[in-house]
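Here is the structure we will look at, set down as structure tokens.
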Amino acid sequence: MPERSKTRSERSRTGASGVADTLRHMADPILFRPIRLRDLEVRNRLWASPMCQYSVEQQDGVPREWYLQHIGALARGGAGLVVVEATAVTPEGRISPRDLGLWNDEQTAAFARLAGIAHAHGARIAVQLAHAGRKASTQPWLPGMPDGSVPIGAGGWPTVAPSEVGFGEFTAPRALGIDEIAGVVASFAAAADRAVAAGFDAVEVHAAHGYLLHEFLSPLSNLRGDGYGGDLERRARLLREVVRAIRIRHPELPILVRISATEWTAGGFDADEAQQVSAWLVEDGADLIDVSSGGNTPTAPIPVGPAYQTPLSARLRRELPADAVAIGAVGLITAAAQAETILVTGQADVIFVGRPLLADPHLPLRWAHELRASSAESLVPAPYHRARF
Ligand SMILES: Cc1cc2nc3c(=O)[nH]c(=O)nc-3n(C[C@H](O)[C@H](O)[C@H](O)COP(=O)(O)O)c2cc1C
């Protein structure tokens, strides 16, 4: 077995049961071997990528029926970890009025139901903690909805960002005062507290796709001249403070960080900077870097194609210590053999799948069968056993 396919989780296991487990899984495809982040064991490496549903009709951030079904389907379908979509840490941090939020007790209680459902299906569950920054207060991306910012008089709100640099046609933001930045850190930390209180297994810090933490990382959107702008160290300071604040409060909580590892445009946050920031995040206590791209410029062309972001995850996997941090690949990974190849060739440790799981939440069951995973049968929910492949 090549060294690369022996994962940090397997290396870190000790004792007889660990050895037995390792032997049992050696014949398995890597995609369906468990992985460990700190003390959290996840049943496989095929994870549900966070995907906004814009379905909070009451506009209060509380997940109700749709979310129970949506998360339930993903967990029942066999994903190892289900990452609940971008969930705002403050009301102003919502992408749209119909986003999820995690800043009050009613939301926390409703999130606890999501955790219960995921766990009942044997899945682990994380929530992506987010602040949309200058891309907040926009229309839900749903069929029939208009584009652009929601006007203030129609349920929208003023947006904030590192600098007064607008995004495309969206309403221009106000620059956050330096005294307000500590409040952003505190909001992320408080939302992480709520996720833990709700029984979530992990959190993902959303620092990608042109939202607030990414806006601070990027020299295109961060023109500040104070301690939070300028060189890379200063641009990365807010993200690092967020990760450290969560780590200090929750020493054992697995922390994932989603980054846009390039903006696909000259002068933007790029792969070299992403590598340095990822190395810092490992020092700060991040357990997994989830490698996405783009989202901070409305015009940069993205070279979309099969597994188009995987070269970015491969670079981070090569450059960062495998025993210190796991790497996730995402983006147009649509077939079992393709996913397995990415893992076998050491380009990532886990695969996040988005749209294919919306099309078929049971896709992990099919991929487990196709790859002849030993867990293929046990992943099938008992009442569905007569329909197994
Ligand atoms: C409907 C939808 C909603 C999304 N919402 C989020 C989100 O909340 N947070 C995030 O980081 N990415 C979000 N994404 C991006 C996905 O997580 C994923 O990275 C992207 O779709 C590429 O993976 P795929 O080709 O497997 O779909 C969303 C994508 C879709 C299709």
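On a predicted model such as this, the values are computed, not experimentally measured, just so you know. Sequence positions, counted from 1, serve as the residue numbers for this chain. For ligands, and for the atoms within them, numbers begin at 1 and follow the listed sequence.
Pairs engaging residues 255-267 under the side chain to side chain donor-acceptor pair (under 3.5 Å) rule: Ser49-Arg258, His214-Glu263, Ser218-Glu263, Arg258-Asp290, Glu263-Asn296, Trp264-Ser293 [sequence neighbours left out].
Within 4.0 Å of ligand 1, counting heavy atoms only, the contacting residues are Ser49, Pro50, Met51, Cys52, Glu85, Ala86, Gln128, His206, His209, Arg258, Val330, Gly331, Leu332, Val353, Gly354, Arg355, Pro356.
Atom CD1 of residue Ile351 and atom CH2 of residue Trp367 lie 8.0 Å apart, to the nearest 0.5 angstrom.
Proximity of a side-chain donor or acceptor of Gln107 to a complementary backbone N or O of Leu100 within less than 3.5 Å is not detected.
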Just distance, no hydrogens or angles: give the donor-acceptor pairs under 3.5 Å from side chains in residues 125-132, sequence neighbours left out.
unit_1 : atom_1 : unit_2 : atom_2 : d
Gln128 : OE1    : Ala86  : N      : 3.2
Gln128 : NE2    : Glu204 : OE2    : 3.0
His131 : ND1    : Gly133 : N      : 2.9

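Nearest heavy atoms, Pro97 versus Gly155: CG-O, 4.1 Å.
Considering only residues two or more places apart in sequence or on other chains, Glu377 meets the salt bridge (Lys or Arg N to Asp or Glu O under 4.0 Å) condition with Arg388.
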